[in-house]
Amino acid sequence: MKLNEPKIKKMYNLLLNKYGYQGWWPLINYKCKKTLKTKFIEKYHPKDYSFPKTKNELFEICIGCILTQNTSWLNVEKSLYNLNQLKLINPNKIINSHSSTIQKCIKPSGYFNLKTKYIKNFTKAFLENKWSNKNPPSRIELLDIKGVGNETADSILLYGFKVPSFVIDAYTKRILLNLKILNKEEPYNKIKYLFENSLEQKYELFQEFHALLVKHAKMYYTNKKTYKQDFLYEEL
DNA sequence: TTCCAGGCAATAC
DNA sequence: GTATTGCATGGA
């Protein structure tokens with residue numbers, strides 16, 4: 001057993017216990033069942049790991065993964081909303097759209113010139129290789145796309161194609177460093193394998209864990225002053 | 001006003 | 001292989 005394996009497992013249980021099921025990946029068109037009390041549109045789907053259910057939902061997740069690069073999710077939602085208004089959350093529509101159209105839609109999420117190219121690059125590969133839930137891309141194929149790096153590739157695999165590939169983001173690195181599970185900045189893949197080797201290879205678990213880490217980091221790790229308030233420090 | 005968000009590629013050593 | 005830089009909007 002690896003040194004940090006028990007800590008990683010315990011961390012998951014502590015986070016789940018504190019925050020509950022996160023219901024990632026958010027989908028803009030997912031609607032909660034209407035009840036007497038609620039008829040709002042809910043983007044999250046706690047404890048339901050069956051998404052994406054359609055090809056367009058799969059595509060929406062992939063596009064969201066690219067749009068959220070170094071960008072807040074609120075801004076990404078605005079871009080997805082704009083794309084959806086023009087019914088562009090569809091690979092064939094994206095390929096046949098002018099770049100200027102996409103640029104206007106995704107302006108709220110920043111880097112819109114770059115991200116338009118990235119989305120086009122991804123969509124081209126998506127269609128050419130006929131990627132689907134039954135025919136997912138390999139990590140290598142995704143990394144070969146200009147605009148898809150480690151985190152984006154893993155997010156697409158994990159949340160889009162339900163492949164158990166752990167996502168490491170800036171938040172996760174911050175948490176591990178503060179808790180001294182890592183004592184220095186390590187390469188992406190080394191941190192990724194630390195999680196993957198400590199856990200069951202289940203996509204549901206990987207999705208939930210990563211979402212919980214983001215939730216936790218938003219509470220304690222957006223401001224350096226609150227790092228030391230992280231309750232995990234005492235519990236692990 | 002400044003800082004930062006669910007990164008990436010190009011470039012320079 | 002590691003360090004630096006440009007890319008861009010919107011909310012706190």
Side-chain angles (χ1 to χ4, degrees), chain A residues 11-12 15 19 21-28 43-46 51-52 60-83 99-100 102-125 137 139-161 165-178 182 184-192 195 203 206-227:
Chain A
M11 193 189 304
Y12 173 74
L15 292 174
Y19 301 113
Y21 295 96
Q22 298 300 301
W24 277 34
W25 187 274
L27 288 159
I28 58 169
K43 300 161 289 188
Y44 297 87
H45 40 88
F51 293 91
E60 178 189 327
I61 291 172
C62 296
I63 298 306
C65 289
I66 292 170
L67 290 175
T68 197
Q69 290 169 359
N70 206 35
T71 303
S72 67
W73 185 253
L74 197 62
N75 285 358
V76 175
E77 281 186 348
K78 289 174 182 148
S79 295
L80 288 173
Y81 176 83
N82 292 339
L83 288 169
S99 291
S100 58
I102 301 172
Q103 284 167 357
K104 273 183 224 165
C105 288
I106 69 171
K107 199 167 183 180
S109 48
Y111 311 134
F112 53 86
N113 290 310
L114 277 172
K115 284 177 178 173
T116 296
K117 288 179 192 167
Y118 293 174
I119 288 171
K120 286 260 190 185
N121 292 345
F122 171 81
T123 306
K124 189 164 174 283
R139 193 162 187 272
I140 302 292
E141 286 176 297
L142 288 173
L143 290 174
D144 204 40
I145 300 168
K146 289 283 174 257
V148 177
N150 283 316
E151 187 185 336
T152 307
D154 288 330
S155 300
I156 288 173
L157 287 170
L158 181 60
Y159 291 103
F161 293 96
S165 192
F166 208 93
V167 180
I168 305 299
D169 55 29
Y171 280 147
T172 305
K173 290 179 190 171
R174 254 181 248 173
I175 295 171
L176 294 183
L177 280 173
N178 188 47
L182 296 178
K184 61 181 171 68
E185 184 85 13
E186 299 280 4
Y188 183 95
N189 284 334
K190 191 168 178 183
I191 306 174
K192 173 183 172 64
F195 280 92
Y203 81 88
F206 286 14
Q207 288 185 352
E208 198 64 67
F209 202 165
H210 172 244
L212 284 165
L213 285 165
V214 174
K215 172 78 174 180
H216 182 58
K218 281 178 174 168
M219 303 281 290
Y220 296 101
Y221 289 87
T222 48
N223 185 330
K224 277 203 169 184
K225 291 171 188 166
T226 57
Y227 280 26

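These values consider heavy atoms only, across backbone and side chains, with no hydrogens, waters or symmetry-generated copies. Numbers restart at 1 for each chain; the letters A, B, ... are given by sequence-line order, proteins then strands.
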Participant: Grab the CD-C1' distance between A/E186 and C/dG1 for me, whole Å please.
Facilitator: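 Whole-Å distance recorded here is 14 Å.
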
Participant: For A/Y188 and C/dA3, what is the distance between atoms OH and P respectively, to the nearest whole Å?
Facilitator: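 Distance, rounded to whole Å: 19 Å.
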
Participant: Give one of base, sugar-phosphate or nothing for A/V167, where a contact means two heavy atoms less than 4.0 Å apart.
Facilitator: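 Nothing, no nucleic acid heavy atom in range.
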
Participant: Just compare C/dA8, C/dG11, B/dA10 and give me whichever is closest to any side-chain atom of A/K146.
Facilitator: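 Selected nucleotide (nearest to the side chain): B/dA10.
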
Participant: Excluding sequence neighbours, so at least two apart, what forms ring-ring contact (aromatic ring centres under 6.0 Å, His included) with A/Y12?
Facilitator: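 Here the qualifying residues are A/F209.
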
Participant: Between C/dA8 and B/dA10, how many Å separate the two P atoms, rounded to a whole number?
Facilitator: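 These two P atoms come out 14 Å apart once rounded.
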
Participant: Heavy atoms only, 4.0 Å cut-off, all strands: where does A/L74 land among base, sugar-phosphate and nothing?
Facilitator: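 Sugar-phosphate contact only.
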
Participant: In whole angstroms, how far is the C1' atom of C/dT9 from the CG atom of A/N113?
Facilitator: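 About 12 Å, once rounded to whole Å.
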
Participant: Between A/K115 and A/T71, do the side chains contain an N or O donor and an N or O acceptor separated by less than 3.5 Å?
Facilitator: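 A donor-acceptor contact under 3.5 Å links the two side chains.
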
Participant: Mind checking if A/L143 touches a base, just sugar-phosphate, or nothing, with heavy atoms under 4.0 Å?
Facilitator: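 A/L143: no heavy atom of the nucleic acid under 4.0 Å.
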
Participant: Roughly how many Å is it from CD in A/Q103 to C1' in C/dT9, rounded to a whole number?
Facilitator: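 Taking atom C1' of C/dT9 as the reference, CD of A/Q103 is at 14 Å.
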
Participant: Quick one: is A/R174 getting a side-chain N or O under 4.0 Å of the B/dC4 phosphate, OP1 or OP2?
Facilitator: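 No, no such contact exists.
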
Participant: Under 3.5 Å, is there a donor-acceptor pair between the A/K117 and A/S99 side chains?
Facilitator: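 Result is no, nothing qualifies.
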
Participant: Tell me: NZ of A/K107 to C1' of C/dG10, nearest whole Å?
Facilitator: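 After rounding, the gap between these two atoms is 12 Å.
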
Participant: A/Y111 side chain: which of C/dA8, B/dA5, C/dG10 is closest?
Facilitator: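 Ranking C/dA8, B/dA5, C/dG10 by closest atom to the A/Y111 side chain puts C/dA8 first.
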
Participant: Assuming nearest nucleotide by heavy-atom distance, tell me which of A/N70 and A/K78 is located more 5' along DNA chain C.
Facilitator: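 It is A/N70 whose nearest nucleotide is closer to the 5' end.
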
Participant: Could you check how far CD of A/Q69 sits from P of C/dG6, rounded to whole Å?
Facilitator: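 Distance, rounded to whole Å: 19 Å.
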
Participant: Within this structure, what is the CZ-to-C1' distance between A/F112 and C/dG10, rounded to whole angstrom?
Facilitator: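 Those two atoms, CZ and C1', are 13 Å apart.
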
Participant: Tell me which nucleotide among C/dG11, C/dA8, B/dA5 gets nearest to the side chain of A/S72.
Facilitator: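 So the nucleotide nearest the side chain must be B/dA5.
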
Participant: Rounded to whole angstrom units, what separation is found between the NZ atom of A/K184 and the P atom of C/dA3?
Facilitator: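 The distance from NZ of A/K184 to P of C/dA3 comes to 11 Å, rounded to the nearest Å.
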
Participant: Which is more 5' along DNA chain B, the nucleotide nearest A/C65 or the one nearest A/Y118? Just name the residue.
Facilitator: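 Result: A/C65.
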
Participant: We want to know whether A/S79 and A/N82 form a side-chain donor-acceptor pair, criterion being a heavy-atom distance below 3.5 angstrom.
Facilitator: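 The answer is no; no qualifying pair exists.
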
Participant: Could you check whether A/T152 gets within reach of a base, just the sugar-phosphate, or nothing at all, counting any heavy atom under 4.0 Å?
Facilitator: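 Sugar-phosphate contact only.
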
Participant: For A/Y220 and A/N178, test the side chains for any donor-to-acceptor distance below 3.5 angstrom and give the result as yes or no.
Facilitator: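 Short answer, no.
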
